[in-house]
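See structure below.
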Amino acid sequence: DFDIDLNTTVQGDLKIYGDDASDILIKFCNKFKVDYSKFNFDKYFRSEPSWTDIFKKKKEFEDLTMGDLVKAVQNGFL
């Protein structure tokens, strides 16, 4: 239970990542006619959890916010 505002992050706050994030972003971009061809998914989202994660160095991801998605609709690209 929390409010979603322009600063809400997709991965950090909403806990959406991996295949789910990819599916949602593709549907979002198609619905709002947003070009995502140059969007670097791996910069913002981690992959699905795997047992091999224990061997990997923890990676920092940039935040993708609701505000970023609003701007993407306005600008036509993500």
Side-chain angles (χ1 to χ4, degrees):
D1 272 336
F2 62 92
D3 292 330
I4 295 176
D5 60 30
L6 294 177
N7 295 315
T8 302
T9 62
V10 177
Q11 179 168 262
D13 295 324
L14 300 179
K15 308 295 185 217
I16 300 172
Y17 55 87
D19 293 340
D20 291 337
S22 177
D23 291 344
I24 287 170
L25 282 178
I26 289 170
K27 288 178 182 176
F28 168 84
C29 289
N30 288 335
K31 178 172 179 78
F32 294 104
K33 311 245 184 310
V34 173
D35 177 18
Y36 58 93
S37 62
K38 295 182 182 175
F39 181 73
N40 183 353
F41 184 84
D42 295 329
K43 185 176 176 180
Y44 298 92
F45 296 99
R46 66 182 175 96
S47 59
E48 295 291 324
S50 167
W51 68 271
T52 60
D53 290 346
I54 60 173
F55 301 109
K56 295 179 184 175
K57 183 179 175 186
K58 196 161 189 156
K59 180 180 173 185
E60 294 291 320
F61 297 94
E62 291 190 28
D63 290 330
L64 182 68
T65 66
M66 294 295 112
D68 295 327
L69 296 178
V70 169
K71 286 179 191 171
V73 172
Q74 294 168 341
N75 297 331
F77 63 89
L78 188 59

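When the side chains of ILVMFWY residues are joined at heavy-atom separations under 4.5 Å, either directly or via intervening members, Phe32 and Tyr36 end up in a single hydrophobic cluster.
Note on ring orientation: taking the six-membered ring where Trp is involved, the planes of Phe41 and Phe45 are parallel (angle under 30°, cut-offs 30° and 60°).
Of all heavy-atom pairs spanning Leu64 and Leu69, the tightest one is CD2-CD2, 4.1 Å. Smallest separation of non-hydrogen atoms from Cys29 and Leu78: SG-CD2, 4.0 Å. For the residue pair Tyr44 and Glu62, the shortest heavy atom distance occurs at CD2-O, 3.4 Å.
Each side chain to side chain donor-acceptor pair (under 3.5 Å) pair with one or both residues in residues 64-76, not counting sequence neighbours, appears once here: Thr65-Asp68.
A 4.5 Å side-chain heavy-atom check between Phe28 and Asn30 finds every atom pair outside the cut-off. By the 4.5 Å heavy-atom criterion applied to side chains, Asp5 and Asp3 are not counted as neighbours. Two residues are said to be in side-chain contact when any heavy atoms from C-beta on lie closer than 4.5 Å; Met66 and Val10 meet this criterion. Under the 4.5 Å side-chain criterion, counting only non-hydrogen atoms from C-beta, Phe77 is not in contact with Lys38. Taking 4.5 Å as the limit, some side-chain heavy atom of Ile4 sits within range of a side-chain heavy atom of Leu14.
Atoms OG1 and CG, from Thr8 and Leu6 in turn, are 8.0 Å apart once rounded to the nearest 0.5 Å. Separation of atoms CD1 (Ile24) and CD1 (Ile16) is listed at 4.0 Å; rounding is to 0.5 Å.
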